[in-house]
Amino acid sequence: MSRWWPERVSIRVGATAGSRAPAMSPQARIDAMLEEFERELESRALPARTPLTVVLGGEAMRYRIVASSDASAAQSFEGAAADAARDWIVRMHPAAPGEATLASAADAVLLDRLQAAARSRHLKLDSVQPALTHAYNTHRRRLPAQTWFAWLEHGWYTLLLTSPRGPRHVRHAFDDRVDLQALIARASFTLGLDDLDAPLHVARLHQAPEGSLAGSPPDPRAPIELPPLEDAPIRGGPHDEQPRIAATA
């Protein structure tokens, strides 16, 4: 590591702090996530000018499928009563006319406070990535064009259905006992899509517990476990190649 050019450091925020108490107010959740971030910075004792990438997961993120031409995508994040009073920073990856894209949103107050915490320590927070984006892009060369992709992190799950014409469905919630196959069956019925048309790929931050979703019988519905991401590199820029997967800058 150069004294003048410190190596980039990546920190995950949101999944653990956001799941501790489901009844917490949005402000209390932001406080918990900020405390999580500050503890991590203090434990690392980073030199000044260290570039930071924050990967936001869990309570810190929201996802929606929107039309590529939808200029008011932010309104789709304000429909839920619990989110109506929050100021969302929304990013969408451009898509061809008539195709859908995945929009990601993060709370503006949280982003401002993360930036202020980094700046107060003379660190450079210049990249913020949604956890779903990072997980999907890490594994995308292993994935077919049409697939169910599940990202599991500290009890939070994000279930995404991709297709050659863009994403078709996304669901993001806290449930440490989620039944992915049941969710897929319900969504497939709603979308008019037979669940065998798209295999299920499961990505996790840590190694899958014994007897969870792993298994490789010749059943086409059996989930395909992907390598855990705990040791996967997190690239620095917020706009790495992300076909139809949005980034938050």
Side-chain angles (χ1 to χ4, degrees), residues 10-16 18-19 53-65 93 101-104 106 127-164 166-185 187-188 195-217 219-238 240-248:
S10 301
I11 297 175
R12 292 182 178 273
V13 174
T16 56
S19 61
T53 293
V54 167
V55 178
L56 289 179
E59 170 63 20
M61 292 303 305
R62 296 290 186 271
Y63 303 100
R64 298 285 189 276
I65 306 297
H93 192 282
T101 190
L102 179 69
S104 62
S127 173
V128 178
Q129 300 183 18
L132 175 62
T133 299
H134 172 241
Y136 182 90
N137 287 340
T138 298
H139 291 300
R140 70 167 182 254
R141 290 181 176 84
R142 298 182 175 96
L143 303 174
Q146 179 159 285
T147 187
W148 289 98
F149 178 78
W151 165 241
L152 306 180
E153 179 185 26
H154 298 296
W156 285 87
Y157 73 86
T158 309
L159 182 63
L160 173 70
L161 174 61
T162 65
S163 78
R168 299 187 59 178
H169 177 81
V170 67
R171 183 178 178 87
H172 175 68
F174 180 79
D175 184 351
D176 55 4
R177 303 183 68 181
V178 62
D179 184 339
L180 293 173
Q181 298 287 17
L183 287 178
I184 288 172
S188 297
D195 60 357
L196 296 183
D197 289 344
L200 169 60
H201 290 77
V202 179
R204 305 169 187 265
L205 180 58
H206 302 295
Q207 187 69 41
E210 249 184 77
S212 57
L213 288 174
S216 54
D219 181 353
R221 295 170 298 180
I224 300 166
E225 282 282 347
L226 298 166
L229 265 65
E230 51 195 328
D231 297 321
I234 299 174
R235 293 182 292 179
D240 297 320
E241 293 178 44
Q242 300 173 60
R244 305 183 181 89
I245 303 297
T248 300

Go through the steps for Arg12 and His134 under the test side chain to side chain donor-acceptor pair (under 3.5 Å), then give the verdict. CA-CA 11 Å; Arg12 292 182 178 273; His134 172 241; 3.1 Å; yes
Would you say the side chain of [Y] lies within less than 4.5 Å of the side chain of [X], judging by non-hydrogen atoms?
X	Y	value
Leu200	Leu180	yes
Pro199	Gln146	no
Val178	Leu183	yes
Val170	Leu102	yes

Hey, what do you get for [atom1] ([X]) to [atom2] ([Y]), rounding to the nearest 0.5 Å?
X	Y	atom1	atom2	answer
Leu132	Trp156	CG	CH2	13.5 Å
Thr147	Leu160	OG1	CG	9.0 Å
Glu225	Arg204	CD	CZ	4.5 Å
Glu153	Leu205	CD	CG	5.5 Å
Ile184	Leu161	CD1	CG	8.5 Å
Leu56	Arg62	CG	CZ	11.5 Å

Minimum heavy-atom distance between [X] and [Y], given as atom pair plus value:
X	Y	value
Ala150	Leu159	CB-CD1, 4.0 Å
Trp148	Ala198	CD1-O, 3.3 Å
Gly14	Ala60	CA-CB, 4.2 Å

Test item: [X] side-chain N/O and [Y] main-chain N/O as donor-acceptor pair under 3.5 Å:
X	Y	value
Thr158	His172	no
Arg141	Thr138	no
Thr133	Gln129	no

Checking Ala145 now: which residues fulfil side-chain contact (heavy atoms from CB on, under 4.5 Å) with it, not counting sequence neighbours?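 Pro164.
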Report the residues that fulfil side-chain contact (heavy atoms from CB on, under 4.5 Å) with Ala135, sequence neighbours left out, ordered by chain and then residue number.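 So Ala135 forms a side-chain contact (heavy atoms from CB on, under 4.5 Å) with Phe149, Trp151, Leu229.
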Partners passing side chain to side chain donor-acceptor pair (under 3.5 Å) against His139 (at least two apart in sequence or in another chain):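 By the side chain to side chain donor-acceptor pair (under 3.5 Å) rule, His139 matches Arg142.
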Can you pull out every salt bridge (charged side-chain N to carboxylate O under 4.0 Å, His left out) where at least one residue sits in residues 154-163? Sequence neighbours excluded, please.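 The answer is none; no pair qualifies.
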Go through the steps for Leu152 and Val202 under the test side chain to side chain contact (heavy atoms under 4.5 Å, CB included), then give the verdict. CA-CA 8 Å; Leu152 306 180; Val202 179; 3.8 Å; yes
List the steps, then state whether side chain to side chain donor-acceptor pair (under 3.5 Å) holds for Tyr63 with Arg171. CA-CA 8 Å; Tyr63 303 100; Arg171 183 178 178 87; over 6 Å; no
